2 protein chains.
Amino acid sequence: MDWQEKLNQEGLRVTHPRRVVISVLEQSGTPLSPQAIHRRSLEAKEEIGLVSVYRTLDLLTELGLVRRVHGQNECQCYVLASPGHYHHLVCQHCGSAVEFSGMEDLSSLLAPIELETGFTINEHLLQFSGVCPECQRRTGYHDQE
Amino acid sequence: MDWQEKLNQEGLRVTHPRRVVISVLEQSGTPLSPQAIHRRSLEAKEEIGLVSVYRTLDLLTELGLVRRVHGQNECQCYVLASPGHYHHLVCQHCGSAVEFSGMEDLSSLLAPIELETGFTINEHLLQFSGVCPECQRRTGYHDQE
DNA sequence: ATTCTTATTGAAAAATATTTTCAATAAGGA
DNA sequence: TCCTTATTGAAAATATTTTTCAATAAGAAT
């Protein structure tokens with residue numbers, strides 16, 4: 001089910017600003033701040049209001065169509081969610097982000113922590129940062145900035 | 001080595017605002033926003049400027065004495081760092097945070113990911129959220145909010 | 001103790017980010 | 001094509017963070 005169907009299903013409308021936000025996120029692949037998304041929409045001559053960007057991101061996050069990513073500095077960024085993947089790997093140089101698989105066993109690490117702390121764990125946020133292959137090739141850069 | 005020695009070592013001064021910020025964080029145990037820290041300092045009749053709170057948090061984070069924690073809503077919170085522990089578990093009810101150990105082997109998960117993606121991984125951000133034992137007892141609440 | 005140097009502070013202003021309000025618009029069913 | 005109402009965008013309100021700079025105080029030197 002794509003995002004338009006999802007919206008319909010919820011009785012929500014497929015509007016111009018929503019189309020633009022999704023399109024910008026699709027083009028990017030990188031986590032973007034609301035401001036960055038707005039800027040790019042203007043650059044693409046698709047003029048939408050900043051307020052709508054905020055509202056759209058809230059909505060799409062609610063629906064699970066985009067995810068919020070917390071970097072060390074930029075703290076309010078959003079990426080399109082590929083369903084089933086919940087972890088990000090972000091390049092410190094160019095900002096590109098990929099999702100990766102193979103962390104299904106993370107949940108097996110949870111049990112000992114729940115035991116140690118007495119917490120019930122419901123959610124987690126995992127994000128790696130490093131240098132992507134492109135940037136390694138281009139710059140010969142490997143270490144942390 | 002305590003924080004005062006650490007500052008001296010770096011040629012930095014042990015000042016009133018820095019003492020107050022650390023003290024507030026010690027009292028709390030919970031991650032606090034710069035504003036919250038400032039508010040509490042005033043309540044404790046230890047009047048310091050909000051600007052100094054920001055600057056102190058930046059500094060202490062730099063020195064690894066406090067860590068920044070990203071909640072789902074509150075996004076700019078800080079807790080005192082227990083050395084050697086790097087991961088947080090935050091209660092969705094009361095906001096209390098603990099650091100936990102036993103994730104040393106997280107780095108062993110990195111290799112396959114580096115192989116899959118071609119990235120060089122330098123940093124990671126890992127945070128669990130759930131319900132702390134206190135809140136479980138008080139409310140009988142276990143599931144995600 | 002006192003003086004000196006300079007890191008640090010706090011107030012104000014500037015810059016930036018986010019939320020609220022509300023009349024005007026347009027999505028999509030009838 | 002009309003109608004209902006979810007949604008938009010502009011402006012204002014609010015909140016957050018950073019910058020600037022003269023005044024202060026930490027701590028080394030005397």
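Per chain, numbering begins at 1; letters A, B, ... match sequence-line order. All values below come from the heavy atoms of this structure, side chains included, with hydrogens, waters and symmetry mates left out. Worth saying up front: this structure is predicted, and the values here are computed from it rather than measured.
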Subject >> Separation of A:D58 CG from A:L63 CG (nearest 0.5 Å) >> reply: 11.0 Å
Original post:
5'-most contact on DNA chain C: B:G11 or B:S52, nearest heavy atom basis?
Top reply: B:G11
**OP:** Would you kindly give the CD1-to-C1' distance between A:I37 and C:dT18, to the nearest whole Å?
**Re:** 14 Å
**OP:** Indicate yes or no for a side-chain donor-acceptor contact from A:E114 to the backbone of A:I121 under 3.5 Å, with no hydrogens or angles considered.
**Re:** yes
**OP:** Apply the test side-chain hydrogen bond (donor to acceptor under 3.5 Å, both in side chains) to residues B:Q136 and A:T120: give CA-CA distance (whole Å), side-chain angles for both, the deciding distance (0.1 Å), then the verdict.
**Re:** CA-CA 8 Å; B:Q136 287 177 35; A:T120 303; 2.6 Å; yes
**OP:** Take the protein atom OH of A:Y54 and the nucleotide atom C1' of D:dT16, then report the distance between them rounded to whole Å.
**Re:** 11 Å
Original post:
What integer distance in Å separates B:L59:CG from C:dT8:P?
Top reply: 7 Å
Original post:
From A:Q27 CD over to A:L80 CG, what is the distance, rounded to the nearest 0.5 angstrom?
Top reply: 11.0 Å
Subject >> Nucleotide nearest A:Q76 (side chain, heavy atoms from C-beta), chosen from C:dT8, D:dG9, C:dT18 >> reply: C:dT18
Subject >> Sugar-phosphate or base contact per nucleotide [nucleotides 22-30 of chain C; S, B, -; heavy atom under 4.0 Å] >> reply: ----BBS--
Original post:
Do B:Y54 and B:Q76 have side-chain atoms, one donor and one acceptor, less than 3.5 Å apart?
Top reply: no
Original post:
Atom CD of A:Q35 to atom P of C:dA15: distance rounded to whole Å?
Top reply: 16 Å
Subject >> Closest contact, heavy atoms only, B:G130 versus A:F119 >> reply: C-CD2, 4.3 Å
**OP:** Round to a whole Å and report the spacing from CG of B:L50 to C1' of C:dT16.
**Re:** 15 Å
Subject >> Rounded distance (Å) that lies between atom P of D:dG27 and atom CD of B:Q9 >> reply: 15 Å
**OP:** Provide, to the nearest angstrom, the distance between the CD atom belonging to B:E10 and the P atom belonging to D:dA28.
**Re:** 15 Å
**OP:** Could you state the atom-to-atom distance from CD1 of B:I48 to C1' of D:dA25 in whole Å?
**Re:** 16 Å
